[in-house]
J.: 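Just dropping this structure here.
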Amino acid sequence: MAAAMPLALLVLLLLGRKGWCLAEPPRDSLREELVITPLPSGDVAATFQFRTRWDSELQREGDTDHYFLRYAVLPREVVCTENLTPWKKLLPCSSKAGLSVLLKADRLFHTSYHSQAVHIRPVCRNARCTSISWELRQTLSVVFDAFITGQGKKDWSLFRMFSRTLTEPCPLASESRVYVDITNYNQDNETLEVNPPPTTTYQDVILGTRKIYAIYDLFDTAMINNSRNLNIQLKWKRPPENEAPPVPFLHAQRYVSGYGLQKGELSTLLYNTHPYRAFPVLLLDTVPWYLRLYVHTLTITSKGKENKPSYIHYQPAQDRLQPHLLEMLIQLPANSVTKVSIQFERALLKWTEYTPDPNHGFYVSPSVLSALVPSVVAAKPVDWEESPLFNSLFPVSDGSNYFVRLYTEPLLVNLPTPDFSMPYNVICLTCTVVAVCYGSFYNLLTRTFHIEEPRTGGLAKRLANLIRRARGVPPL
Amino acid sequence: MGLLSDPVRRRALARLVLRLNAPLCVLSYVAGIAWFLALVFPPLTQRTYMSENAMGSTMVEEQFAGGDRARAFARDFAAHRKKSGALPVAWLERTMRSVGLEVYTQSFSRKLPFPDETHERYMVSGTNVYGILRAPRAASTESLVLTVPCGSDSTNSQAVGLLLALAAHFRGQIYWAKDIIFLVTEHDLLGTEAWLEAYHDVNVTGMQSSPLQGRAGAIQAAVALELSSDVVTSLDVAVEGLNGQLPNLDLLNLFQTFCQKGGLLCTLQGKLQPQDWTSLDGPLQGLQTLLLMVLRQASGRPHGSHGLFLRYRVEALTLRGINSFRQYKYDLVAVGKALEGMFRKLNHLLERLHQSFFLYLLPALSRFVSIGLYMPAAGFLLLVLGLKYALELWMQLHEAEVGLEEPGGAPGPSVPLPPSQGVGLASLVAPLLISQAMGLALYVLPVLGQHVATQHFPVAEAEAVVLTLLAIYAAGLALPHNTHRVVSTQAPDRGWMALKLVALIYLALQLGCIALTNFSLGFLLATTMVPAAALAKPHGPRTLYAALLVLTSPAATLLGSLFLWRELQEAPLSLAEGWQLFLAALAQGVLEHHTYGALLFPLLSLGLYPCWLLFWNVLFWK
């Protein structure tokens with residue numbers, strides 16, 4: 001849950017004719033929003049979304065050629081301020097005004113979860129998609145931890161979270177809003193109190209559940225002018241119990257099994273906790289070439305039975321050139337755990353190919369799960385252009401499903417590592433030992449020794465022997 | 001090599017070696033023992049030092065102050081445990097969740113091959129509880145483990161209390177880069193083994209357990225904690241793991257650093273470390289500690305639950321709180337601070353612990369002997385077998401051949417050797433096969449035949465196993481009288497010489513391999529088995545040789561080691577106690593092979609015992 005996503009740069013390029021929206025989008029626009037979700041554990045999640053759109057003179061022709069699609073992943077990236085600063089510079093108001101004043105590095109990195117993303121994609125400007133706009137979405141999600149940041153207290157405010165308050169919207173933005181999740185966890189009464197009381201609320205089906213959000217519009221002059229600043233406060237009416245958090249319908253876990261430095265097994269557990277609906281997931285795995293996958297050992301089992309994937313695409317690795325690519329469409333039965341496992345052998349690298357810290361291990365990138373998860377409540381079709389940003393990143397036309405993309409944890413795998421501390425000594429010693437001992441012993445063992453009788457008799461005897469040999473008589 | 005390639009000089013050299021063989025053997029054996037004893041003196045033993053850069057220079061300030069909290073947790077835990085009679089799983093889950101951990105449980109069950117009388121268990125089923133502290137903003141790729149093994153008796157509740165208090169303290173900190181797993185296992189080592197197997201998704205020992213719901217990446221290091229009182233006088237550290245595996249020396253150095261920093265009294269093998277290494281007292285005290293370590297490592301059993309982690313290449317050690325009659329006592333805060341410091345330094349690790357030694361001997365906590373320095377001791381002992389005696393026998397056999405040739409054959413080098421003069425390897429097949437079969441019977445029959453034994457004799461299963469073991473072992477001694485009829489011998493001397501040659505090579509190979517993986521076991525067996533093996537021959541004072549051979553057989557070595565061990569611990573055994581302990585040790589050895597995969601029992605029964613029988617066979621050759 002608290003696994004921070006490595007910096008995920010999703011570049012969705014060259015979208016086809018059936019683009020995301022067909023209506024004429026507004027040009028050169030900025031929308032910004034902040035979603036605050038108090039979690040039943042007492043933690044609080046905050047998600048920033050910034051969407052910038054601008055026109056482009058680039059003309060589109062034809063459909064997407066899948067040969068140009070690329071997928072790359074860098075599993076080892078610890079996010080820090082170095083990632084935040086350039087990301088902030090892409091914002092039109094930088095961090096001077098609007099929601100982005102809350103982006104203070106020391107608070108954002110004092111959290112238990114941090115995920116930062118940039119999505120860029122073309123958007124069609126007309127039905128025939130002859131001209132396009134570019135859309136840049138920047139999202140940042142953090143989870144403030146009641147134990148670390150909150151020091152045990154479960155009441156939150158903007159100031160407590162970011163040590164700043166909101167004063168004005170970004171002047172360049174067309175919309176600047178804060179949404180606070182005020183959905184009741186218990187049906188009977190309200191569990192959460194929000195201060196100042198919201199003027200409007202927004203109700204929708206988000207990820208399969210009905211949610212209610214309080215809206216604070218920064219362009220609403222009354223909101224700011226009353227107190228010169230906006231410091232939204234959350235107070236639990238009844239403190240939430242220390243219970244296990246609710247489990248999502250689809251979640252996954254990945255690990256390396258086995259021990260020793262020769263073989264191992266990559267196992268991915270896919271959980272479908274939906275009580276009665278089965279649904280398919282697309283599992284995408286890239287495994288570095290130095291883990292030599294045994295594809296014949298690929299086994300997929302759910303509920304003790306073999307589960308045959310309806311589609312498998314496997315592209316084998318080439319040493320030092322390209323990783324393994326394994327893509328499968330797997331049907332997850334209702335209320336089940338599906339185990340996908342594949343065995344591998346650890347390759348021996350050339351000694352110059354090891355990283356400077358070879359004993360740390362080598363990273364294997366996360367698997368990517370994409371699924372249309374059936375929702376409990378049917379969503380009514382909405383106009384994606386009008387709905388809040390957090391709801392429209394992956395729009396789905398069908399109201400009974402919602403789209404989920406999950407990344408499992410990256411793995412750390414140890415490869416057989418030579419002792420780099422004294423390769424020189426070892427090489428020298430080994431060479432000397434081999435040269436001196438092996439050579440001479442081999443010589444001794446393969447040669448046969450005879451004692452040669454000293455030649456006596458001289459010329460006369462040799463002559464006699466010559467004659468005897470010619471006669472066929474044994475020599476003297 | 002000109003020396004060896006000239007046949008005349010070769011023969012001269014061979015004669016020299018043959019003539020000086022006995023003194024050379026004695027010299028080599030004495031040199032081996034002396035080298036080992038010399039290991040405790042300063043030029044050979046060095047001060048330990050921290051090799052790992054990430055743990056060396058960075059100082060940490062310990063802030064743990066949850067002594068009261070730990071004691072309160074411990075009291076609650078003990079009360080709940082007494083009430084339920086087993087591990088209070090629900091209480092542990094609730095408490096761990098309340099301090100902010102992600103909590104999971106794992107249930108396991110295991111039917112032991114026969115009832116374990118020392119721990120009073122047969123059909124074991126239990127539940128492990130573990131909580132994971134997720135490192136903020138990290139991706140759960142690496143983790144550290146703090147584990148408390150809980151047995152069936154009510155010890156170790158203070159350790160659980162300290163674990164929970166530490167978890168609460170750690171949870172409030174922002175600096176963790178690795179996840180920390182807090183693990184409480186039931187049925188001490190069985191629970192740990194079940195958890196480790198499930199974590200790595202393997203099944204090594206036939207344990208039945210539920211799969212783990214939560215994982216935290218590759219485990220980098222583990223610390224096991226055993227505390228049974230609110231105050232301790234000293235902390236004892238155990239490093240010896242399964243099959244004599246040892247953790248990286250840096251982990252021990254880390255512990256020692258925090259012992260010094262916190263002013264804690266820390267012991268190794270229950271012995272304080274001597275201060276003065278210049279006089280004779282220090283090294284002598286060091287020798288005691290060293291011998292204790294050798295005995296414990298040679299036993300190949302995990303001395304604490306850390307021992308099981310080592311198989312999975314997780315560096316681990318066990319800390320035991322000792323409460324003796326000393327005046328000055330430390331409370332849980334001091335222990336907690338040492339643990340906090342250790343975990344914070346382990347948290348700094350960029351790579352797995354790999355910089356320091358993996359193979360070492362410890363004459364004191366702050367002194368070590370590296371593999372390069374202790375290996376010659378075993379080398380000298382094996383030299384007796386491998387080179388001198390095998391060489392001597394080989395040459396004698398060769399000389400005998402030449403001697404037979406010379407009167408009969410025509411003078412001259414070109415006469416081909418008559419084929420009947422070969423060593424007669426066929427005659428060796430029978431004794432080799434019979435002794436190996438005896439070893440196999442020793443390995444298989446006791447556990448397999450326990451039910452038959454209990455039906456026919458008034459004994460319990462565990463006793464039946466041990467007695468069958470001893471019976472088969474003793475039955476092996478009757479073998480030579482059987483084999484000599486099978487073997488058709490043409491030249492009587494050549495027969496036993498060939499057998500002894502093969503036996504010596506076999507023994508040398510086995511001891512060499514053992515010494516490489518578990519030096520202590522290899523050295524101990526070499527010290528006892530080598531002289532008797534070298535002396536065994538069917539001439540001379542046979543009863544003396546037979547007595548020597550019996551005294552140095554693997555079982556007698558085990559018995560002797562038990563006496564030596566208790567003597568070194570300053571708790572000498574009486575003969576009857578020693579015998580009881582010996583029987584218990586046999587049962588434990590078999591059990592540990594089946595439950596944890598300890599290799600001592602199969603090694604002795606399938607490898608060394610048959611080899612030893614061969615020497616017995618040589619001794620009674622007719």
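Naming convention: chains lettered A, B, ... in sequence-line order (proteins, then strands); numbering from 1 in each chain. A quick note: this is a predicted structure, and the numbers were derived from the prediction, not measured.
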J.: Within the side chain of A:Gln253, is there an N or O that forms a donor-acceptor pair under 3.5 Å with the backbone of B:Gln213?
T.: yes
J.: Looking at CG of B:Leu212 and OH of A:Tyr255, how far apart are the two atoms once the value is rounded to the nearest 0.5 Å?
T.: 8.5 Å
J.: How long is the gap from CD1 on B:Ile219 to CG on A:Leu412, to the nearest 0.5 Å?
T.: 12.5 Å
J.: Only pairs of heavy atoms separated by less than 4.5 Å count here; which of B:Asp179, B:Leu350, B:Ile174 has the most with chain A?
T.: B:Ile174
J.: Quick one: does any side-chain atom of B:His200 pair with a main-chain N or O of A:Tyr259 as donor and acceptor, under 3.5 Å?
T.: no
J.: Is it true that A:Asp145 and B:Arg137 make a salt bridge, defined as a side-chain N closer than 4.0 Å to a carboxylate O?
T.: no
J.: Mind listing the closest non-hydrogen atom pair of A:Ser257 and B:Asp201 along with its distance?
T.: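 Shortest heavy-atom separation between A:Ser257 and B:Asp201 comes out as CB-CB, 3.2 Å.
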J.: Can you check side-chain contact (heavy atoms from CB on, under 4.5 Å) on B:Arg215 and A:Arg254, steps first, answer last?
T.: CA-CA 9 Å; B:Arg215 284 188 171 79; A:Arg254 196 167 190 231; over 6 Å; no
J.: Below 4.5 Å, heavy-atom pairs only: which of B:Arg313, B:Gln220, B:Arg311 has the largest tally toward chain A?
T.: B:Arg311
J.: Please rank B:Arg171, B:Gln173, B:Glu197 by heavy-atom pairs under 4.5 Å with chain A and give me the top one.
T.: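 The option with the most such pairs is B:Arg171.
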J.: Highest number of heavy-atom pairs under 4.5 Å with chain A: which of B:Val103, B:Val99, B:Leu349, B:Leu353?
T.: B:Val99
J.: Could you state the interatomic distance from CG (A:Asp357) to CD (B:Glu351), rounded to the nearest 0.5 Å?
T.: 5.0 Å
J.: Under 4.5 Å, heavy atom to heavy atom, which residues of residues 264-271 of chain A contact chain B?
T.: A:Ser267, A:Tyr271
